[in-house]
Amino acid sequence: MAVFPYTEKPLGLQANSYPKLNSNLTSNFNCTATENAETSLVLLLMLQARVHVQGHCRTCIRPCSSISISTSPSSQPFSLPIISELIAKQHWSELKTHLKDSNFIAVLHQLFDAGADPVLILRYFSWSQKNFNVTHPLELTCRLLHYLANAKKYSKIRAFLDGFVRNNEKHSNSSIFHMLSMCGNQFCANSVIIDMLVLANVKNMKTRLGFEAFQRAGDYGFKLSVLSCNSLLSALVKENEIGYVEYVYKEMVRRRIEADLFTFSIVINGLCKVGKLNKARDVTNDMKAWGISPNVVTYNTLIDGYCKKGGLGKMHKADAILKEMVANNVRPNEITFNILIDGFCKDENVASAVKVFEEMKQGLKPNVVTYNSLINGLCCNGKLDEACGLWDEMLGLGLKPNIVTYNALINGFCKKKMMKEAKELFDDIMNGGLAPSAITYNTLIDAYCKHGMMEEAYALHNSMLERRVSPNTSTFNCWIACFCRQGNMELARKFLREMEVRGLKADPITYNLLIDALCKEGESRKAERLLNEMFKKGLSPSHVTYNTLMDGYCREGNLKAALNVRLQMEKEGNRANIVTFNVLIKGHCMKGKLKVANELLNEMLEKGLVPNRTTYEIVKEEMMEKGFLPDIEGHLYNISSF
DNA sequence: ATAGGGTTAG
């Protein structure tokens with residue numbers, strides 16, 4: 001083996017062509033097949049200029065894999081076959097010794113040019129990156145990806161991209177796409193690589209980048225797989241980015257990426273979660289048109305959508321879908337029943353929930369979720385005894401309560417001011433091998449605060465910290481609500497600041513509390529500024545927010561401002577609910593505008609809203625006792641039934 | 001790769 005040492009900077013060679021190359025390096029050449037120095041020099045220059053070296057050694061006709069080049073300060077060269085073997089055997093420390101101060105990028109180039117095994121190159125790539133603590137140029141990364149794609153080493157690409165995406169902060173999608181197309185224009189390889197890039201981004205919680213890559217793939221005409229698109233859609237749904245979900249769905253159709261059952265179910269779920277139920281039905285029809293039948297998951301998703309966002313008569317609509325499902329020979333499962341039971345409970349119709357529960361037992365086994373929904377429903381409707389009965393029933397069936405079960409029942413005791421029993425249940429949690437969650441603590445802290453047991457509340461907060469359960473925004477909301485109730489705004493503000501110091505963000509409930517507090521101080525204008533701040537922060541005000549502010553203006557006698565808030569609320573897609581009407585009716589009564597109040601009452605009834613106890617009290621105290629008989633036809637009887 | 005349960009605000 002002959003060595004051809006050159007003095008520094010031969011023939012105008014720039015020593016800093018590579019970042020690690022020092023000017024005082026001596027470049028050594030080693031051509032195992034020939035002793036032709038000229039050949040070696042040409043090869044080196046080509047490599048330095050990043051010209052791809054291919055073919056054979058000029059004089060010996062050996063493949064160039066037998067030629068190795070190093071830029072090393074010592075006279076010791078490296079040999080490609082040896083390196084290959086060391087990489088293959090993963091003898092890293094030996095490899096390190098062998099390479100000494102060689103330019104690892106030059107080695108990489110050589111491995112590529114020598115047509116080495118792609119998996120071997122990948123190994124060296126990863127090792128050198130880690131060992132020298134550097135990031136290889138994007139060009140080499142893309143070259144490697146192409147190399148692997150051509151060898152159909154897809155699982156290797158997947159794993160590689162996973163690591164790449166996790167650590168990549170330098171390269172934008174734009175440069176990755178650009179470099180990838182520069183390195184090779186095999187269309188299929190590029191499509192496969194980009195497809196896996198989308199997936200890798202999604203899996204690493206970089207949904208935004210995944211979406212961006214999806215968009216760019218469209219610009220480049222790369223065809224993505226339905227699997228990656230579904231993962232992207234699923235992540236977008238979880239992050240509540242339904243606008244993007246609709247976009248991706250439409251794009252898939254346009255790009256002729258064939259949507260499957262999963263695609264449709266995910267999109268339907270996304271639409272349901274934000275209450276776009278009609279659109280969800282449209283997608284259900286789309287899928288049927290494509291010859292794909294909704295399955296139990298699709299139907300469950302739709303039923304759940306109606307249960308949670310169906311508005312008036314939602315349980316009837318949910319029931320209609322159940323019938324449609326059965327008519328299409330799709331059998332309801334435990335989850336279907338759980339959804340319905342929870343729906344009836346949340347609709348304050350526990351009786352129907354229990355009926356569905358009994359029906360379910362005919363052919364299916366209720367599980368812990370079933371019991372949790374029912375226990376919670378009963379607790380929220382004051383039926384603590386029945387809830388306890390179900391607790392015993394589930395234990396009898398060998399079903400183990402989980403933390404959700406505990407939380408629901410603890411909440412039930414709290415609502416009945418049975419704090420001793422609530423605490424006993426709390427202390428029992430650990431016996432079952434469970435741990436209290438933030439919700440457990442929040443429930444109890446809130447209840448102690450509400451019942452004026454401040455010492456107990458503080459103690460629980462401390463125990464929460466000791467057990468390393470992080471207080472969340474809800475925890476602080478409980479405290480802020482507590483101090484607002486006590487009129488101690490200074491302390492409320494202190495906790496708000498403390499919350500923000502801990503990096504916890506105010507949520508819509510925090511804002512409602514602050515808006516309510518300002519309104520009670522007669523500062524409704526300032527409260528409205530907080531409402532606008534919510535929009536700026538991307539938080540959506542709920543009915544409660546608008547109703548609270550409306551109530552504030554009504555108390556101040558500013559009906560015009562209150563009505564404006566209603567307009568804004570409806571513009572934002574929130575329909576007036578029962579509380580809205582109660583607030584406005586009462587506001588108008590207080591100002592003696594009984595005729596307008598009566599019109600509002602009629603409007604409310606026309607909209608099918610069911611008057612509640614508060615409505616009744618307003619009508620009785622503010623209208624009837626003042627000699628005004630509301631003109632609400634047959635509804636007066638219903639109102640009087642309270 | 002798609003579906004279900006628990007806390008805080010009017």
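Each chain gets a letter, A, B and so on, in the order the sequences are listed, and its residues count up from 1. Below, all heavy atoms of this structure are taken into account, side chains as well, without hydrogens, waters or symmetry copies.
- If you check B:dT8, B:dG6, B:dT2 against the side chain of A:V404, the one that comes closest is B:dG6.
- Taking 4.0 angstrom as the limit, A:N269 places none of its side-chain polar atoms (N or O) nearer than this to OP1 or OP2 of B:dT2.
- A side-chain donor-acceptor contact under 3.5 Å links A:T440 and A:S437.
- Within the 4.0 angstrom heavy-atom criterion, base atoms lie near A:V368.
- Residue contacts shown for A:N472 are absent, as no nucleic acid heavy atom lies under 4.0 Å away.
- For the pair A:V544/A:Y511, no side-chain contact is recorded, criterion being any heavy-atom separation below 4.5 Å from C-beta on.
- Counting to the nearest Å, the P atom of B:dT2 and the CD1 atom of A:I268 are 15 Å from each other.
- OP1 or OP2 of B:dA9 has at least one side-chain nitrogen or oxygen of A:K450 nearer than 4.0 Å.
- As a whole-Å value, the separation of A:L530 CG from B:dA9 C1' is 14 Å.
- The side chain of A:I509 lies closest to B:dT8, out of B:dT2, B:dT8, B:dG6.
- To the nearest angstrom, P of B:dA1 lies 14 Å from CE of A:M196.
- An OP1 or OP2 oxygen of B:dT7 is reached within less than 4.0 angstrom by a side-chain nitrogen or oxygen of A:N411.
- Between B:dT2 and A:K273, no contact under 4.0 Å exists linking OP1 or OP2 to a side-chain N or O.
- The phosphate of B:dG6 has OP1 or OP2 within less than 4.0 Å of a side-chain N or O from A:K346.
- Closest to the side chain of A:T440, out of B:dG6, B:dT2, B:dG10, is B:dG6.
- Counting any heavy atom pair closer than 4.0 Å across all strands shown, A:N582 reaches no nucleic acid atom.
- Closest contact between the side chain of A:K415 and the listed nucleotides B:dT8, B:dA1, B:dG10 involves B:dT8.
- The base of B:dT8 sits within donor-acceptor range of the side chain of A:S474, with an N or O pair under 3.5 Å.
- Nucleic acid contact for A:T443: sugar-phosphate only, since backbone atoms but no base atoms lie under 4.0 Å from a heavy atom of the residue.
- Taking atom CG on A:D551 and atom P on B:dG10, their separation rounds to 10 Å, with Å as the unit.
- Side-chain contact check for A:T580 versus A:M569: some heavy-atom pair is nearer than 4.5 Å.
- There is no side-chain donor-acceptor pair under 3.5 Å between A:Y546 and A:E572.
- Side-chain contact between A:Y249 and A:Y244 is absent, with no heavy-atom pair separated by less than 4.5 Å.
- Rounded to whole Å, the distance from CE on A:M550 to P on B:dG10 is 15 Å.
- The nucleotide whose nearest atom lies closest to any side-chain atom of A:V297 is, among B:dA3, B:dA9, B:dG6, B:dA3.
- Among the heavy atoms of the strands lying under 4.0 Å from A:S542 is at least one base atom, whether or not backbone atoms are also near.
- When heavy atoms are screened at a 4.0 angstrom cut-off, A:I403 is found touching base atoms of the nucleic acid.
- For A:F262, counting side-chain heavy atoms from C-beta on, the closest listed nucleotide (B:dG10, B:dA1, B:dG6) is B:dA1.
- The base of B:dG6 is paired with the side chain of A:S437 by a donor and an acceptor separated by under 3.5 Å.
- Residue contacts shown for A:N230 include a base, since a base heavy atom lies under 4.0 Å away.
- Two residues are said to be in side-chain contact when any heavy atoms from C-beta on lie closer than 4.5 Å; A:E421 and A:I410 fail this criterion.
- For A:R566 and A:Y553, the positive end is not near the middle of the six-membered ring at less than 6.0 Å and at most 45° from its axis.
- In this structure, CG of A:N574 is placed 13 Å from C1' of B:dG10, rounded to the nearest angstrom.
- Across the protein-nucleic acid pair, A:N333 atom CG and B:dT2 atom C1' stand 13 Å apart, rounded to whole Å.
- One interatomic measurement links the two molecules: CD1 of A:I335 to P of B:dT2, which rounds to 12 Å at whole-angstrom precision.
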